[in-house]
Amino acid sequence: MFENVIIGQYLPGRSFLHHMDPRAKIAAVLFLIIVIFLVNSWNGYALFGAVAIAIYFLSGVPFRYIRKGMFPVFILVILTFFLHAFFTREGDILFSVGMFSFYEEGIRQGLFISLRLLLLVYFTSLLTLTTSPIDLTDALEQMFSPLERFKFPAYDVAMMMSIAIRFIPTLLQETEKIIKAQTARGADFNKGSMRDRMQAFVSLLVPLFVRAFRRAEDLAYAMEARGYNGGEGRTKLRLLVWGWRDTLCCVLIAAFGVVLLFLRQ
Amino acid sequence: MAIIELRDLEYQYEESNEKVLKGLNKKIHQGEWLSIIGANGSGKSTLSRLFNGLSQPTGGSVLVLGKKTTDEASLQMIRREVGMVFQNPEHQFVAPTVRDDIAFGMENAGIPREVMLERIDEVSRWVNIEHILHMEPHRLSGGQKQRAAIAGILALRPQVMVFDESTSMLDPNGRKEILETMNRLCRESGITIVSITHYLEEAFMSDRIWFMKAGRIEKDVTTASIPDQLEWMEAEGMPLPYKYQLYREAKKRRIDIRALRTMVEGE
Amino acid sequence: MEVNFQNVSHVYMKKTPFETLALKNIDASFRSSSVTAVIGRTGSGKSTLVQHINGLLKPSSGVVTVGEHQLEARTKRKMVKTVRSHVGMVFQYPEHQLFEETVEKDLLFGPKNKGMDVAEIQKKLPELLQQVGLTETLLKRSPFELSGGQMRRVAIAGVLATNPDILILDEPTAGLDPQGQKEILELFMNWQRTYQPTTIMITHQMEEAAAFAEYMYVMEDAEIKMQGEPEAIYAQREKLREMDLDIPEQVQVLQQIERDSGIRFPHYKLSPEEAADYWEQAVQNGEVPYV
């Protein structure tokens, strides 16, 4: 069932975005998230939309994956839109339905905020769709490493994250096995009284925890036996390579920011 | 030359009042393949953890290449020289892919990246996993995971490799893969092998066998003398392979079955 | 209770890029109270096969008949639960399923779920523990304080507690030392002799199958490639080797002696004593040259 699990929503590929340095991608997404709050004109959003579409073509990710990732946010977006549409009372009245009047400014702001939210989620989805969790971890570690001076344990946090990522599939496989074993003993995880289902749940959780502790102990031994001693003096196999794509991306994004500034009203 | 030496070695768990290891004095020689057999609780797994300082003796000492494992300054060297392969293939795979896992020990040792790349290339070819370097652990068989662990250790150029029941969770094909690799490690690369096992067939492939019982090394025999060792092995409750049982029955009846003799004693 | 597979196929992860055919047109039958071994490499489909018998998996097509019940793609869960109450299944590393505070509670988990008379079964627990080689003093202990071997026995007892009509063993001796393997197998053989459940054991160790099974299915690539009595299967050495399966050591040794000396053993289940006696007799009768 879980044999082909994909961690996070990463989709392996060979597109322009896949080939970019994760640090550049994270920086770009952060930058886009900030500048999107500068936009306050239709022209600005039109330009932003164009950039979003262009990046889509650079990602090589099938649209349905993006749609799937963004679906849960839609409800939030629609809600935000109506909140603004109902409660902002500025500008001309566009039309009225019963006792509600919709103002031009309300609709405008509702649309803007919705667009902002959508674009925000869209860019972060593209980031996680085109960057493997382990690359993300590496990039974050490097970006946070200057903070080591202030006692922020960037290295240890990254090691913990990478071990967590590595063990997610193991955990899922184990969950599946225990569910099967308890189901074979008559436990029912889906139907039955609250009490029965609680009991079934406990019969899954306890073994999972017991196994997790055992695994942690074994893993600690295995790491120690292979000379693990914390971050000091350690070298790294994984290398993040900054390429022409990354520089180009940064330049373009910066230019894009400047243009957005000019389009402000 | 003795590569590992046990001197009056004792071990006692904190919460227990009986010693698990009671005054062991032994030497392990360079280039040999030593098997340690014994029932659960005989102390064989405890012993395996003392070889590279994962546990420290509560009495006596363990010397690796002449250095005590309790000597802080030598510990990193000892861990590099004595590699360990554990029982559960899943629980010793640390990194997200085979390539990263092979690199893990080298990263800890501070080996430069270019050297790592060369060695990964070399050792993965040696244990025959160069085609799965990019794979995540959950897509690998148990045997493949154990071979990745062996590769990761080999990359550190150790002199000794300790296998702590490393085949017991594998299917027959996985077990064959690992045994064949162990054989090559010892016979081709001259690496000293210590394997803790409860499979007699595996022990019979090695050069020497320690039989442990209640914290002591009761027997220390060469595998060449196996035909003479069958009596006590059976008395200790070890299920002998069929050919040995039949060999003994035949001997009792003073009959000589040539095919059988060849199987047991060699040509 | 009898089990029959009629043209059963199973597809994993249907309609995804990972779609795989895990069973392909399987026809198989397991006679009431018989012992059958299902052998094959890891990933050959043997676990998938037996998980159809208690409805952990449903056929994508075809029918599995268990006693008088039928399991198909669209069988309702209520029916599945009825069937499941007749089936006990011991998985690899069964000790991983222990979770209750006491051994006693854990042993009663299955019977309670399957709606059996718990009070009645509770009375029989000391006997059950004895049958799996443990003492009743363990009943009030926590299963997590026990040794590895004891835990496995408790977990096995937890499955046997429902006294299933069909007993499925999915490599229950994995990871044990040879002595432990032998003991656990003997435990199942004794149970089988006493209560006569239809027993199906999955294994990739031919030795286990040899000691136990009266009929064998050999699986490879989601299909049944060979079937028959163990002796007949062992005779096809080449075919087994193609599938990376080894004949039991005992059979290998006896076959080697046959090839070398021309003797014919009556069957390959001879104990070492019997084999030596047979050889001695054959030499005395002048049937084999003394070589």
Side-chain angles (χ1 to χ4, degrees), chain B residues 37-42 44-45 87-90 139-144 165 167-177 196-203 230 233-234 236-264, chain C residues 39-44 92-93 147-150 171 173-183 203-207 210 243-246 248-263 268 270-284 288-291:
Chain B
I37 58 175
N40 289 334
S42 60
K44 58 187 197 308
S45 274
Q87 181 179 24
N88 192 328
E90 187 67 29
R139 295 178 212 278
L140 305 175
S141 72
Q144 288 172 325
E165 299 189 18
T167 65
S168 68
M169 295 182 81
L170 305 179
D171 63 21
N173 288 319
R175 178 170 302 148
K176 258 189 251 165
E177 285 169 23
I196 286 99
T197 178
H198 40 227
Y199 296 100
L200 276 185
E201 296 93 315
E202 285 183 28
L230 304 176
M233 286 189 168
E234 204 152 38
E236 292 294 348
M238 289 177 227
L240 293 179
Y242 187 82
K243 63 180 174 193
Y244 291 101
Q245 294 185 37
L246 185 53
Y247 175 80
R248 269 194 31 212
E249 288 301 325
K251 248 189 157 174
K252 256 192 233 163
R253 290 168 176 72
R254 294 171 187 284
I255 52 180
D256 178 26
I257 306 171
R258 194 183 61 202
L260 190 59
R261 181 159 37 83
T262 324
M263 276 186 267
V264 173
Chain C
I39 301 179
R41 268 195 293 205
T42 311
S44 58
Q92 251 185 0
Y93 302 101
S147 75
Q150 288 174 321
E171 298 185 40
T173 66
L176 294 176
D177 62 38
Q179 189 61 31
Q181 290 187 4
K182 212 171 127 196
E183 286 169 18
T203 176
H204 39 223
Q205 260 163 290
M206 285 274 201
E207 259 87 3
M243 287 187 260
D244 261 338
L245 293 168
D246 282 332
E249 194 242 348
Q250 166 166 0
V251 180
Q252 278 181 40
V253 170
L254 294 176
Q255 285 182 345
Q256 180 63 45
I257 294 174
E258 286 185 339
R259 276 198 300 276
D260 193 70
S261 66
I263 194 178
Y268 298 135
L270 297 172
S271 71
E273 292 83 9
E274 288 167 348
D277 285 343
Y278 189 82
W279 175 279
E280 208 174 11
Q281 202 58 50
V283 171
Q284 275 167 19
V288 201
Y290 190 81
V291 284

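Atom set for the values below is all heavy atoms of this structure, side chains included, hydrogens, waters and symmetry mates excluded.
- No side-chain heavy atom of C:Gln252 sits less than 4.5 Å from a side-chain heavy atom of B:Tyr242.
- Only the side chain of C:Gln181 has a heavy atom closer than 4.5 Å to any heavy atom of chain B.
- Across C:Gln179 and B:Gly237, no two heavy atoms sit closer than the pair OE1-O, 2.7 Å.
- Only the backbone of C:Ser271 comes within contact range of chain B, judged by heavy atoms closer than 4.5 Å.
- Separating the CD atom in C:Gln92 from the OG1 atom in C:Thr173 is a distance of 9.0 Å, to the nearest 0.5 Å.
- C:Leu270 contributes atom CG, which lies 6.0 Å from atom CG of C:Leu254 (distance to the nearest 0.5 angstrom).
- Between the CD1 atom of C:Ile263 and the CD1 atom of B:Ile257 there is a distance of 7.5 Å, given to the nearest 0.5 Å.
- If you measure heavy-atom distances from C:Arg259 to chain B, you find no contacts under 4.5 Å at all.
- Taking 4.5 Å as the heavy-atom cut-off, the residues of residues 169-176 of chain B that approach chain C are B:Met169, B:Asp171, B:Pro172, B:Asn173, B:Lys176, ordered by number.
- The distance from the OG atom of B:Ser45 to the CD atom of B:Gln87 is 7.0 Å, given to the nearest 0.5 Å.
- Per-residue heavy-atom pair counts under 4.5 Å with chain C were compared for B:Met263, B:Gln245, B:Arg253, B:Glu201, and the maximum is reached by B:Arg253.
- Both the backbone and the side chain of C:Asp277 come within contact range of chain B, with heavy atoms under 4.5 Å apart.
- To the nearest 0.5 angstrom, C:Glu273 atom CD is 6.5 Å from B:Lys252 atom NZ.
- Atoms CD1 and CG, from B:Ile37 and B:Leu200 in turn, are 5.0 Å apart once rounded to the nearest 0.5 Å.
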